Amino acid sequence: MALPKDFLWGGAIAANQAEGAYKEDGKGLALVDILPSGEKRREALWNPKVALNTTYDHYPSHEAIDFYHTYKEDIKLMAEMGFKVFRTSISWPRIFPNGDEKEPNEAGLAFYDDLFDECQKYGIEPLVTLNHFDTPLYLTTEYGGWRNRKLIEFYERYAKVVLERYKDKVKYWLTFNEINMLLHIPFFGGGLVIEEDENEDQVKFQAAHHQLVASSLATKAAKEINGENFMIGCMLAAGEVYPYSCHPEDMMKAVEENRKQYFFIDVQSRGEYPSYTDRMFKELGVEIEMEQGDEEILKQYPVDFISFSYYSSRLTSADPEMYKGATSGNAFKSLKNPHLKASEWGWQIDPLGLRVTMNNLYDRYQKPLFIVENGLGAKDELKDGTVEDDYRIEYMREHLKEMIEAVKDGVDLLGYTSWGCIDIVSAGTGEMKKRYGFIYVDRDNHGNGTGKRYKKKSFDWYKKVIETNGEKL
Ligand code: BGP
């Protein structure tokens, strides 16, 4: 058997894409609660000022799939598939509605007590992300988001409250979802509204510094509260950046592009800024404002494991002419790889790229890895109470094969949680029609539908994969 017998098979969602109940039991507004779906969402994400000053006709996070009320039914279905782990996030504004309060909202805390109890009832380990694109909106409107160092204090207070509250229920914690997304979608990643005349890289990397310090303070709190019983991980939107050609200039560009992604994990894993940042920051016109104690806290509290999302590899070229055409459909402005097929949303499909990425991450950090997102977003058709999603089974089978090859290559892998194990709202499009789940949810892009759950063909397939610990794909 290639995988360890205690391999953590499961699935992942995020509070803001599943829970709904966006103002229930004292919850405050999150960044995502002012974002519409479809094309308008793209505009709002790239220009948050639009979102802050516009009233749209629908906000997908407001009801999502109503997981806040259906979690017992949904966790039961995940237990039926044999999940060992279930990844979700805590909605920060459920605990601190504005984010800068001194005392937490008890009703918000009580909800997650019930949710984690439900997981434990089936022997399912919760894997909890502290912040998954849903920073309290007030921290943007009042403080400017993560560009403001004050957010370190507010995040540390929030982390201490939940780490203490759930210390007997949650062992696996992630500090920030896709922390490098700050570079690609700064509003999602850092609640940042960047002015035209600002040096965008300066704002983003200073915000990144604040998040890196906050991440270490959360790790410090975890170790003080629960010693070695907590596992704290960082989380990267990963996907090896390939050079478009064997021209040495393309190779050097790929080294630089990979470093820009790895930078966040380098700091959280090694506990210090890598030497290449001197030149990288100088070329970007970035000067990080450090405060007394920052370097010590980073050094003393590195993460225990490296988690990441993988949807595809990426492609870069040193030749600006190459960027005249269309790039692939994801947020990384990657060139289209002529050797790869793409999903209906233009995300290229590269299973072997997962093995490449896993080997490079493990060689670089020599810490356990955890795949916390991987899956295929598709336009599933519900027919006769099910979905014949052979395309999803094919996508996952090919990626799991390469994941197992990477383990045979010597990579230490803790677990695998497929993204969107139940249909939820897409982060990038805000739509329900981009479905990832083994479970179909009867809800459309405008929140209409019965909300009923239906097992897709992949439900029983994944159940068998887990039962055989990856032997039967
Ligand atoms: C990642 C996010 C997830 C998830 C995933 C799929 O960036 O961590 O929240 O949404 O992307 O993206 P999408 O939902 O846009 O298809």
Side-chain angles (χ1 to χ4, degrees), residues 10-19 30-33 35-42 44-46 60-61 64-65 67 86-92 127-135 174-190 211 233-239 261 264-265 306-312 314 328-334 342-349 354 357 370-380 391-392 395-396 399 416-437 441 443 445:
I13 64 170
N16 82 82
Q17 295 172 251
E19 290 176 1
L31 293 177
V32 282
D33 291 330
L35 293 177
S37 55
E39 260 323 293
K40 290 183 222 158
R41 188 181 186 87
R42 199 163 277 282
L45 280 172
W46 302 135
S61 66
I65 63 165
F67 182 74
F86 170 62
R87 178 190 176 213
T88 188
S89 62
I90 293 176
S91 171
W92 186 352
L127 163 58
V128 180
T129 312
L130 285 169
N131 185 224
H132 194 131
F133 299 156
D134 58 358
T135 302
L174 305 180
T175 54
F176 290 93
N177 178 64
E178 298 194 332
I179 190 167
N180 53 319
M181 201 45 84
L182 196 59
L183 299 183
H184 307 281
I185 312 182
F187 185 66
F188 250 168
Q211 289 192 348
C234 53
M235 199 279 196
L236 176 75
Q261 306 310 315
F264 298 83
I265 312 304
I306 316 285
S307 78
F308 61 100
S309 58
Y310 179 85
Y311 293 96
S312 184
R314 300 161 211 171
S328 78
N330 61 33
F332 307 102
K333 299 189 179 49
S334 157
S343 77
E344 292 160 292
W345 272 268
W347 289 21
Q348 295 205 285
I349 298 170
L354 173 59
T357 301
F370 207 131
I371 300 171
V372 295
E373 289 184 28
N374 173 246
L376 177 70
K379 291 176 191 148
D380 296 344
Y391 41 83
R392 177 166 296 109
Y395 175 99
M396 295 190 71
H399 282 79
Y416 173 93
T417 57
S418 76
W419 176 253
C421 47
I422 181 170
D423 289 350
I424 50 178
V425 173
S426 153
T429 67
E431 296 177 322
M432 276 301 297
K433 73 178 179 185
K434 189 175 187 187
R435 297 171 182 275
Y436 284 86
V441 176
R443 235 191 230 300
N445 287 349

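We use all heavy atoms of the structure for the numbers below, so side chains are in, but hydrogens, waters and symmetry mates are not. Atoms within a ligand are numbered from 1 in the order they appear, just like the ligands themselves. If you're wondering where the values come from, they're calculated on a predicted model, not measured in any experiment.
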>> salt bridge (Lys or Arg N to Asp or Glu O under 4.0 Å), that's the test. Do Arg87 and Glu373 meet it? Break it down for me.
In response: CA-CA 9 Å; Arg87 178 190 176 213; Glu373 289 184 28; 3.0 Å; yes
> Can you list the atoms of ligand 1 that are under 4.0 Å from a heavy atom of Glu373?
Replying inline: 1 (C), 2 (C), 3 (C), 4 (C), 5 (C), 8 (O), 11 (O)
> Which pair of heavy atoms, one from Ala18 and one from Ile13, lies closest together, and at what distance?
Replying inline: CB-CD1, 3.7 Å
> Backbone, side chain, both or neither: what part of Phe188 comes under 4.0 angstrom of ligand 1, heavy atoms only?
Replying inline: neither
> Which of the atoms in ligand 1, numbered in the order shown and given with their element, are less than 4.0 Å from a heavy-atom of Gln17?
Replying inline: 3 (C), 9 (O), 10 (O)
>> If I compare all heavy atoms of Phe188 with all of Leu35, which pair ends up nearest, and what's the gap?
In response: CE2-CD1, 3.9 Å
> Does ligand 1 have any atom that is closer than 4.0 Å to a heavy atom of Tyr436?
Replying inline: yes
> So which heavy atom in the protein is nearest atom 7 (O) of ligand 1, and how far is it from that ligand atom?
Replying inline: Glu178 OE1, 2.5 Å
> Which is it for Ala14 and ligand 1 at heavy atoms under 4.0 Å: side chain, backbone, both or neither?
Replying inline: neither
> Is the shortest N/O to N/O distance between Val425 and ligand 1 below 3.5 Å?
Replying inline: no
> What protein heavy atom sits nearest atom 14 (O) of ligand 1, and how far away is it?
Replying inline: Ala427 N, 2.8 Å
>> We want to know whether Asn374 and Tyr436 form a side-chain donor-acceptor pair, criterion being a heavy-atom distance below 3.5 angstrom.
In response: no
> Just distances here: any N/O of Thr429 and N/O of ligand 1 closer than 3.5 Å?
Replying inline: no
>> I'd like to know if the side chain of Gln17 reaches the main chain of Ile424, judged simply by a donor and an acceptor atom lying under 3.5 Å from each other, with no hydrogens or angles considered.
In response: no
>> Using a 4.0 Å cut-off to any heavy atom of Ser426, which atoms of ligand 1 qualify?
In response: 13 (P), 14 (O), 15 (O), 16 (O)
> Which is it for Tyr311 and ligand 1 at heavy atoms under 4.0 Å: side chain, backbone, both or neither?
Replying inline: side chain
> After noting the C-alpha distance and the side-chain angles of Arg435 and Asp423, does the key distance pass the salt bridge (Lys or Arg N to Asp or Glu O under 4.0 Å) rule?
Replying inline: CA-CA 5 Å; Arg435 297 171 182 275; Asp423 289 350; 2.8 Å; yes
> Tell me: protein heavy atom nearest atom 15 (O) of ligand 1, and distance?
Replying inline: Gly428 N, 2.7 Å
> Are the side chain of Ser307 and the backbone N or O of Cys234 linked by a donor-acceptor pair below 3.5 Å?
Replying inline: yes
> Any N or O on Trp347 sitting closer than 3.5 Å to an N or O of ligand 1?
Replying inline: no
>> To the closest 0.5 Å, what do you measure between CZ (Arg314) and OG1 (Thr357)?
In response: 8.0 Å
> So how far is it from Ser91 OG to Leu130 CG, rounded to the nearest 0.5 Å?
Replying inline: 12.0 Å
